[in-house]
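Counting convention: from 1, in listed order, for ligands and their atoms alike. Computation of the quantities below employed the complete heavy-atom set of this structure, encompassing side-chain atoms and omitting hydrogens, waters and symmetry-equivalent molecules.
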Amino acid sequence: MKIFLDTADVNEIRTVARWGVLDGVTTNPTLYAKVGGASYDSILREICRITSGPVSAEVVAEEIDGMLTEARHFAALAPNIVVKVPMSEVGLEVISRLAEEGIRTNCTLIFSANQGLLAAKAGASLLSPFVGRLDDINEDGMQCVRDLVEIVENFDLDAEVLAASIRHPLHMTQAALAGAHVATLPFKVLQQMIHHPLTDKGIATFRADWEKARAALAERKGS
Ligand code: G3P
């Protein structure tokens, strides 16, 4: 299973790359607005220097020509850019046109298996169901991931299911069990996955016992 970081913060991306678990990055206008300070293009170029995995850059135009112009612009920034296109009638057409041009897309804002099926048929290589936002409205977001994985497998579709809007470590475990090909996570959730109170306690106990043994040895040598 691939792990993407859902952020535009290059420091977080560098940290996770050093941990050896980074397979790619997803960004969106909200994540860019959180870091700001530099142009979206320059941040995307920097991210693409850190990882050779797919880096999603989202279009904001709402009509076909504007979306295509933004998509081609992003795709020219680095070879590993994947263009994020929101699910809509216009979005499907843009995905299909970009597929013909050989530009990879990530269909975002997917909230049903049917939307994901259409995005895959139009030519999106990544399908992003938003788990947390479905949970927010009292629906089972992970069921959308399960259904979409099954559909992709049933018909051997040339697309990967990317579980997005992951809010906590349990979402990650459930996405992995559902067979999601990718999950994109906030940095905080990745940290939460690493830590466990018994692990932290165990490390502290081993350290304390080690110091005790060394002190006893030093005392024996000194006497
Ligand atoms: O990958 C999509 C993600 O950024 C949305 O997350 O928590 O705003 O629903 P959230």
Okay, side chain of Q115, backbone of F111: is any donor-acceptor separation there less than 3.5 Å?
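Side chain of Q115 to backbone of F111, a donor-acceptor pair under 3.5 Å: yes, one is there.
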Any salt bridge between R14 and E46, counting N to O under 4.0 Å?
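Looking at E46 together with R14, the answer is yes, because their closest N to O distance falls below 4.0 Å.
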Run the salt-bridge test on E101 and R97 with the 4.0 Å N-O cut-off and return the result as yes or no.
no
One pair to check against side-chain hydrogen bond (donor to acceptor under 3.5 Å, both in side chains): T26 and S56. What are the steps and the verdict?
CA-CA 5 Å; T26 50; S56 291; 5.9 Å; no
Pick out the protein N or O atoms lying less than 3.5 Å from any N or O of ligand 1, and list each pair with its distance.
residue  : atom  : partner : partner atom : Å
ligand 1 : 1 (O) : D6      : OD1          : 3.3
ligand 1 : 1 (O) : D6      : OD2          : 3.0
ligand 1 : 4 (O) : D6      : OD2          : 2.6
ligand 1 : 4 (O) : N28     : ND2          : 3.2
ligand 1 : 7 (O) : R167    : NE           : 2.7
ligand 1 : 8 (O) : R133    : NH2          : 2.8
ligand 1 : 9 (O) : R133    : NE           : 2.7
ligand 1 : 9 (O) : S165    : OG           : 2.7
ligand 1 : 9 (O) : R167    : NH2          : 3.0

Of all residues at least two apart in sequence or in a different chain, which pass the side-chain hydrogen bond (donor to acceptor under 3.5 Å, both in side chains) check with E100?
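Residues passing side-chain hydrogen bond (donor to acceptor under 3.5 Å, both in side chains) with E100: none at all.
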Single-linkage hydrophobic cluster Y32~V60, side-chain heavy atoms < 4.5 angstrom
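Different clusters.
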